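Structure first, commentary second.
Treat the numbers as computed from the prediction; the structure is a model and nothing was measured. Reminder, nothing fancy here: chain letters follow the sequence lines and each chain counts from 1.
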Protein chains: 2
Amino acid sequence: MTRHMPQKAIVQRTALELDTIHVGECVDILKSLPDKSVDLVFADPPYNLQLGGDLHRPDNSKVDAVDDEWDQFASFEAYDRFTREWMRECQRVLKDDGAIWVIGSYHNVFRLGVALQDLGFWVMNDVIWRKANPMPNFKGTRFTNAHETLIWATKAKGQKRYTFNYDALKAFNEDTQMRSDWAIPLCTGEERLKDEDGNKVHPTQKPESLLYRVLLACSKPGHVVLDPFFGTGTTGAAAKRLGRHFIGIERDETYAKHARERIARVQRANESDLATMGSKKAEPRVPFGALVEAGLLQPGDTLYCPKGQRTARVRADGSLVHGELTGSIHKVGAMLEQAPSCNGWTFWRFKTDAGFKPIDDLRARIRQQGH
Amino acid sequence: MTRHMPQKAIVQRTALELDTIHVGECVDILKSLPDKSVDLVFADPPYNLQLGGDLHRPDNSKVDAVDDEWDQFASFEAYDRFTREWMRECQRVLKDDGAIWVIGSYHNVFRLGVALQDLGFWVMNDVIWRKANPMPNFKGTRFTNAHETLIWATKAKGQKRYTFNYDALKAFNEDTQMRSDWAIPLCTGEERLKDEDGNKVHPTQKPESLLYRVLLACSKPGHVVLDPFFGTGTTGAAAKRLGRHFIGIERDETYAKHARERIARVQRANESDLATMGSKKAEPRVPFGALVEAGLLQPGDTLYCPKGQRTARVRADGSLVHGELTGSIHKVGAMLEQAPSCNGWTFWRFKTDAGFKPIDDLRARIRQQGH
DNA sequence: TAGAGCGCTGAATCTCGCC
DNA sequence: AGGCGAGATTCAGCGCTCT
């Protein structure tokens, strides 16, 4: 139908325009993006419920900032409608193995979390950005508000595949797994964008470190990261630095201008330096039988359990025998240990002149030959 | 009207029964409490965890899951109905200068926060309980879930009067303002209640120091603290220690029995004892990856061993590469030295105009930023 | 006796690809 | 789409035993 042509043309063009900032209303521009075209969404939505400026009802009428209870309810409701509208579009444009991160404070983050859950996203973690240097509460009326909350959620419940660079973060954290609380300083000093008059360009510019960690954890080089509230482009800067693509949406041209200049100054890291610690799961699979086939073990050889008191014999097809028990290295290990499962590669040892060594060493030798 | 007499009698009696545990359904008993009779509510409701099958540690031991009947809900809607019902009653029984604290994890805390806001409570802070020793993520699928979230809210918006012992907390916190993130260990060891068989009495007993800090912050001696999900009585124990009254509601008589015995053992503390519950500031460590994240080192930069003849390149995730070897600063250092372990912070140097310096200097710089 | 070492455990939405 | 099987996966603290 020809009347769809112009729209389609727009969709195509927008889909391809990576690494640029699209100036306009968030939802309008989101609607021009095709389904399942984005790997990751990072959203730092407005949350000034009281100030009125950023919050409009879907019909674009402005929410009155009145103090009475009824209006307070109305304003939460309006915020929820606004939230669900952009969030639903983000869900649509996410690939089936995609995920979303949102950030907020106690003013709005509960509403973001419930919206995610109600729309069918599946929360993986909430993550605390613990500010090293927060602004004190001058009046002494509350606790120093020293953190913000991020929520990481996959597109759908039961989603099998999603990106999480577990081993990269573990290396980052000196070999202990990364926790849900991150200590990161505020965006200040050199990093904070200032205009000609020396005033900060954006009131809530996020530290690039924060986005760096999000993208390092939940995306791969070459992935497309969408930020529907781009602001001064922290997401874009971190994406470029880490070799990811970005799609930015921002309705304020001044912010967009500063963001463009900022991102232009960012250096992308070299391809090889963007590599991170890989997971073992991603390594090529070597069946145990290949060790026998390659002559690294002979049919009839004996394998020993870690403590050495129990043994099994290797058969020609790569199965093991221990008395009546037969099966794979994993199965026989699990049965001997009466455990629900067992990694036979690390469980079983073979005898060498230098003592007992795990059969995993032999697998490593085979994998190395593959190079 | 005489037919109201019996009910009124119950109300009066219940209203006066302080420092006891009322066994029965939460909402039923709440309804028997008079309006505006309570200074503070602390609520640790079921989290609606939605766990799947069994979970085993890498050593094949089974994780003792929270699979109790009381944590099962048919849907988010059912959970929301349940939440709003008990929360509305809590709001009714709160004095006009009263406040509520609730605690939850990402499974339920967003729904708690939205319910509070929708019912007209006014959120003062969200507070993070940073666990010193959380259970790891055994399968390497997410971030270690290392915190829970508490929400502090007053009974109503615009409430002028509420209790916040700013100076007491500041003193408690070594003369700095108390922040919204609290580092507190899990409830383990001696403190954890065990039954005759040595099994834990309650699956989710909270540390007393957590309640201690809440009551110290938001109540006065003599105040009445209501806990509608009393469990094994951590709120009651902290209340007694601090000279507050409590009203406990618990539907499980076994929990209630243990709580009674526990609280009977508690001594009301004098000032000097209270100081010993003091806060130990647990500053989070700065992992090597944070240096790359913050731009103090770039992916691709070279590090040098003490003698300078061997080098490694820094990657985006803070891992190092030396030929075929990859890993954390510690691992690569150890492999190069053929040592069982290595402190990468003192081993590796980076080049400056003033010669080579240990990377530990960069960590010091990051730590300083936090002040 | 002090210290090393080992075992146990904690609110957990905890695999993935192939057939 | 469900079942099967390979094989990957943990941190800190407490309390006990052993030297």
Carboxylate-amine/guanidinium contact E208(B) R262(B), below 4.0 Å | yes
For dG10(C) versus dC14(C), give the span between their C1' atoms, rounded off to a whole number of Å.
-> 15 Å
Is D118(A) paired with R111(B) through a side-chain N to carboxylate O contact shorter than 4.0 Å?
-> yes
Rounded to the nearest angstrom, tell me the gap between atom CG in D167(A) and atom P in dT9(D).
-> 6 Å
Within the structure shown, what part of the strands sits under 4.0 Å from D360(A) by heavy-atom distance: base, sugar-phosphate, or nothing?
-> nothing
Could you check D301(A) against R313(A) for salt bridge (Lys or Arg N to Asp or Glu O under 4.0 Å), going step by step and ending with a plain yes or no?
-> CA-CA 6 Å; D301(A) 278 357; R313(A) 272 172 1 119; over 6 Å; no
If only side-chain N and O atoms of R179(A) are considered, is one of them under 4.0 Å from the OP1 or OP2 phosphate oxygen of dA12(D)?
-> no
Euclidean distance, atom CD of residue E174(A) to atom P of dC11(D) [Å, nearest integer] | 13 Å
Regarding dT15(C), purine or pyrimidine glycosidic angle vs 90° from 0 gives anti
Write down the distance between CD (E148(B)) and C1' (dG10(C)), rounded to a whole number of angstrom.
-> 11 Å
Side-chain N or O of N137(B) less than 4.0 angstrom from OP1 or OP2 on dC14(C)?
-> no
Go through the N and O atoms of the side chain of S341(A) and the base of dA6(D), and report whether any donor-acceptor pair is under 3.5 Å.
-> no
Carboxylate-amine/guanidinium contact R179(A) D181(A), below 4.0 Å | yes
Side-chain N or O of Y166(A) closer than 4.0 Å to phosphate OP1/OP2 of dT10(D) = yes
Using Watson-Crick geometry (N1-N3 plus N6-O4 or O6-N4) or G-U wobble (N1-O2, O6-N3), each under 3.5 Å, dG7(D) is paired with none
Is any side-chain nitrogen or oxygen of K170(A) closer than 4.0 Å to OP1 or OP2 of dT10(D)?
-> yes
On a plain distance test, is the side chain of K206(B) in donor-acceptor contact with the base of dA11(C) below 3.5 Å?
-> yes
Got a second to check how far I263(B)'s CD1 is from T234(B)'s OG1, nearest 0.5 Å?
-> 8.5 Å
Whole-Å distance between dC14(C) P and W152(A) CH2?
-> 12 Å
Give the rounded distance in Å between these two atoms: CG of L55(B) and P of dA11(C).
-> 14 Å
Think S328(A) has a side-chain N or O under 4.0 angstrom from the OP1 or OP2 of dA6(D)?
-> yes
Selected nucleotide, minimal atom distance to Y106(B) side chain, candidates dT15(C), dT13(C), dG7(D) = dT13(C)
5' precedence on DNA chain C between M135(B) and D59(B) (nearest-nucleotide basis) = D59(B)
In terms of side-chain heavy atoms of R161(A), which of dA6(D), dC14(D), dG17(C) is nearest?
-> dG17(C)
When we call it a touch if two heavy atoms are under 4.0 Å apart, what does G53(B) touch: a base, just sugar-phosphate, or nothing?
-> base
Side chain of N343(A) (C-beta onward), nearest among dT9(D), dA12(C), dG10(C) | dT9(D)
P atoms of dT17(D) and dT1(C), separation to the nearest Å | 15 Å
Select base, sugar-phosphate, or nothing to describe what T204(B) touches, counting heavy atoms under 4.0 Å on all strands.
-> base
Using the C1' atom on both, measure dG15(D) against dA11(C) and round to a whole Å.
-> 24 Å
Residue closer to the 5' end of DNA chain D, Q177(A) versus R363(A) (nearest nucleotide) | R363(A)
Base, sugar-phosphate, or nothing for V109(B), non-hydrogen atoms under 4.0 angstrom?
-> nothing
salt_bridge(D317(B), K170(A)) N-O dist < 4.0 Å | no
How long is the gap from CZ on F288(B) to CD1 on I329(B), to the nearest 0.5 Å?
-> 5.5 Å
Among the candidates dG5(D), dC14(D), dG7(D), find the nucleotide nearest to the side-chain atoms of R285(A).
-> dG7(D)
Check every strand shown and say whether N48(B) touches a base, only sugar-phosphate, or nothing at a heavy-atom separation below 4.0 Å.
-> nothing
Pi stacking test for F138(B) and dC14(C): under 5.5 Å apart, planes under 30° | no
Between dG5(D), dA11(C), dA8(D), which nucleotide gets closest to the side-chain atoms of K139(B)?
-> dA8(D)
What integer number of Å spans the C1' atoms of dT9(C) and dT10(D)?
-> 12 Å
May I ask you to say what P207(B) touches in the nucleic acid, namely base, sugar-phosphate or nothing, with a heavy-atom cut-off under 4.0 Å?
-> nothing
On DNA chain C, nearest-nucleotide positions of P134(B) versus F76(B): which is more 5'?
-> P134(B)
Candidate pair E324(B) and R367(A), rule salt bridge (Lys or Arg N to Asp or Glu O under 4.0 Å), full reasoning = CA-CA 13 Å; E324(B) 296 283 299; R367(A) 275 184 176 151; over 6 Å; no
Below 3.5 Å, does any donor atom in the side chain of R142(B) face an acceptor in the base of dT13(C), or the other way round?
-> yes
Please assess H330(B) against M335(B) for the test side chain to side chain contact (heavy atoms under 4.5 Å, CB included), listing each intermediate value before the final yes or no.
-> CA-CA 9 Å; H330(B) 311 300; M335(B) 288 188 288; over 6 Å; no
N145(B) CG to dC11(D) P, straight-line distance once rounded to whole Å | 15 Å
Rounding to the closest angstrom, what is the interatomic distance between dC4(D) and dT13(C) at atom P?
-> 27 Å
Tell me whether the OP1 or OP2 atom of dG7(D) has a side-chain N or O from H330(A) closer than 4.0 Å.
-> yes
D54(B) CG to dT15(C) P: how many Å, rounded?
-> 12 Å
Any side-chain N or O of R57(B) less than 4.0 Å from the OP1 or OP2 oxygen of dA8(D)?
-> no
How long is the line joining CG of D67(B) and P of dA12(C), in whole Å?
-> 11 Å
Of the nucleotides dT9(C), dC11(D), dG5(D), which has the atom closest to the S61(B) side chain?
-> dT9(C)
Phosphate OP1/OP2 of dG7(D) contacted by K280(A) side-chain N/O (<4.0 Å) = no
